[in-house]
Amino acid sequence: MKRMHPINILENVSGYFWLLLFPLIRGFFSFRGGIWAWLGGVWFDLLILAAIFGLAFLRWWLAGYELTQDGVRIVNGILVRKDFLVPYRQFASVSLVAPFYYRPFGAVHLSADSDTGNNWKYDFTLTLPLKPAQEILHRAKCGWCPGLSGQRRTYRSSGFYIAMLAFISSKTVTGVLFTAAFLVQAGKILGHEFETTFLQGLTDLANKLAFGIPPAAVFLALVVVLGWVISFIINLARNYRFTVSRQENSLQIQCGFFTRYRHQMNVEKVNLVESRQSIITKAFHIHSLFLHCAGYGKAKNELSVLFPAANEKRVWEIVQNIMPEWHFTKRTVFPNGKSIFRFILTPVGIGVALGLVALVLAGIFPRLSDLILFLGGMFELPVLWWLTARIIAFYHTGISKSGGVYTLRFSRGFGFHSVAVREEKVVQVKLRQSIWQGMSGSCNLIVYTWSEGKKRHVIPALPVEQACELMGISKPEKATLSGWKRLAHGLKEET
């Protein structure tokens, strides 16, 4: 039985930080008696620190792992001991993460997951030296591909398309939270003056850039822009030198600048492959590829990227060579012409309502009419963007099937999704109809796939008969009826 890397002791320390409450409480009450009274109880603080590091060391000492012929055996726990074995062939994915501050010590995080684990946690995570971590990766790969004799196919993304993925996927909230956490920690280390100086500098910049605009509005805009820029840099660094390769049943992805990532997946455990587009990327025929496999994309702020972005021709080439079991086909069942009102009615209604409200308010307050009409026009812009997205969604939505693979096309918000899923990965199919859909003969198709929980895909406004025929379920007699597919046994049951 081998132990994890000694740096795991420091990782374990964070689990016992709650014990620091005791010296804090003691310090609060004893400091009232003066500095000497507080110093007289320092032994208690040192005792607590010794307990923290002692428990962290004991947790590391009593934990261990063993590489057997069939899998990884793990033992851990202090009072309650756990001893379990995870077979190599059951791994859906294995991830090796090497943060820049761990690399000088030769330590990495290794996480493995299977289809039977927790939806939010890996089956196990170990902090190991690099060599044994690579040994586990190799054994897992041998479990999926006993011969390892197949041809290796590799694709590397260009910097432009990595930047495009970072641009599309960056979120202001992520950047703001990262900045806030950085300021708090830097304030603790460098002193409160650092945090105050940074915020004061941002405020001064907002005052200089105001140009007649309220400084508070400029400050808020700067925070939003700063948050987005930081999120963009994080995503750019994460996907730096993105490389995907395939050898027999093993799929490997490597990327990262500061923190280096290496993900290895069992192709048989992949549930689906997905193409995502925004309004802008769809106009330029650019796709970003993602996949769904247990464990991949489970870490914080991680995306399950198969390929960051590429033009349409290259994307289909990558799918054909890297994931040939999943292929995208043109839609054969799609909304009829009358269904377009189902897509555009809401944004059109909201846009008309906003325009009428602006005109009425401008008539009631003539002195403020210019301001009211300006604000009304500004509010109309996102509604027009939404209307554009809904029109594109109408021409994008649909389903098809070829060679045992379904292609599901639908939209979510301002994004357009195309999902390729193999027939045996579909666990449930539902048809839903509103009263109006029942009158027009259309329905919403809901397809569920399974891996540590259900994944739901909704394709709206499809003709009922054609959707039922393609999905292999009988036409519903009532407004709401679901069809279950037990594809593993080749059976279909309606409930």
Side-chain angles (χ1 to χ4, degrees), residues 95-105 107-109 111 155-190 193-206 208-209 217-244 253-263 274 276-281 284 286-291 296-311 315 413-415:
S95 299
L96 192 154
V97 180
F100 68 91
Y101 47 86
Y102 273 27
R103 291 204 293 271
F105 304 99
V108 296
H109 287 304
S111 303
Y155 286 87
R156 176 174 290 178
S157 179
S158 67
F160 171 77
Y161 286 116
I162 291 174
M164 180 167 289
L165 175 66
F167 180 85
I168 295 170
S169 58
S170 296
K171 298 179 180 179
T172 299
V173 174
T174 303
V176 170
L177 292 177
F178 179 87
T179 306
F182 171 79
L183 286 176
V184 170
Q185 294 301 321
K188 290 179 180 178
I189 297 172
L190 302 177
E193 293 78 8
F194 172 83
E195 185 178 352
T196 304
T197 302
F198 179 86
L199 294 175
Q200 185 60 45
L202 199 61
T203 304
D204 293 341
L205 181 61
K208 292 179 181 179
L209 297 176
V218 178
F219 180 85
L220 181 61
L222 286 174
V223 170
V224 171
V225 171
L226 179 63
W228 183 89
V229 169
I230 291 174
S231 179
F232 174 81
I233 293 172
I234 292 172
N235 287 324
L236 195 65
R238 176 184 289 274
N239 295 298
Y240 176 75
R241 298 185 67 180
F242 190 98
T243 305
V244 57
I253 292 173
Q254 298 185 74
C255 58
F257 183 75
F258 299 109
T259 299
R260 294 174 184 170
Y261 302 87
R262 182 178 175 184
H263 306 281
E274 181 177 1
R276 298 180 190 174
Q277 294 175 288
S278 65
I279 295 178
I280 296 175
T281 57
F284 291 96
I286 294 173
H287 300 252
S288 294
L289 287 176
F290 297 80
L291 60 82
Y296 183 45
K298 185 175 283 189
K300 185 178 179 182
N301 297 326
E302 184 179 65
L303 299 174
S304 54
V305 180
L306 175 60
F307 204 75
N311 59 51
V315 159
F414 296 94

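The backbone N or O of His287 lies less than 3.5 Å from no partner atom in the side chain of Thr281, so there is not a single donor-acceptor pair.
The nearest pair of heavy atoms linking Val315 to Ala310 is CG2-O, 3.5 Å. The two residues Cys255 and Arg238 have their closest heavy-atom pair at SG-O, 3.3 Å. Contact between Leu236 and Ala166 at its shortest, heavy atoms only, is N-CB, 3.8 Å.
Partners of Leu303 according to the side chain to side chain contact (heavy atoms under 4.5 Å, CB included) rule, which considers only residues two or more places apart in sequence or in another chain, are Ser169, Phe290, Val305. Every residue was checked against the side-chain hydrogen bond (donor to acceptor under 3.5 Å, both in side chains) condition with Tyr240, not counting sequence neighbours, and none meets it.
In this structure, CD1 in Ile286 is found 5.5 Å from CZ in Phe160, a value given to the nearest 0.5 Å. Once rounded to the nearest 0.5 Å, the distance linking CZ of Phe307 with CG of Leu291 reads 13.0 Å. The line from CG of Asn311 to OH of Tyr161 is 4.5 Å long, rounded to the nearest 0.5 Å. Atom OG of Ser278 sits about 11.0 Å away from atom CZ of Phe414, to the nearest 0.5 Å. Distance check: Glu274 CD to Ser288 OG gives 10.5 Å after rounding to the nearest 0.5 Å. Within the model, atoms CZ of Arg103 and CZ of Phe258 stand 9.5 Å from one another, a figure rounded to the nearest 0.5 Å.
For Ile279, the CD1 atom sits in a packed shell: over 12 heavy atoms of surrounding residues, nucleotides or ligands are nearer than 6.0 Å.
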So Arg241 and Arg156, side-chain contact (heavy atoms from CB on, under 4.5 Å) or not? Walk me through it. CA-CA 7 Å; Arg241 298 185 67 180; Arg156 176 174 290 178; 3.8 Å; yes
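Among the candidates Glu302, His263, His109, Lys298, the single residue satisfying the side chain to side chain donor-acceptor pair (under 3.5 Å) test with Ser95 is His263. Of the candidates Leu306, Leu165, Ile253, Ile253 is the only one forming a side-chain contact (heavy atoms from CB on, under 4.5 Å) with Phe242.
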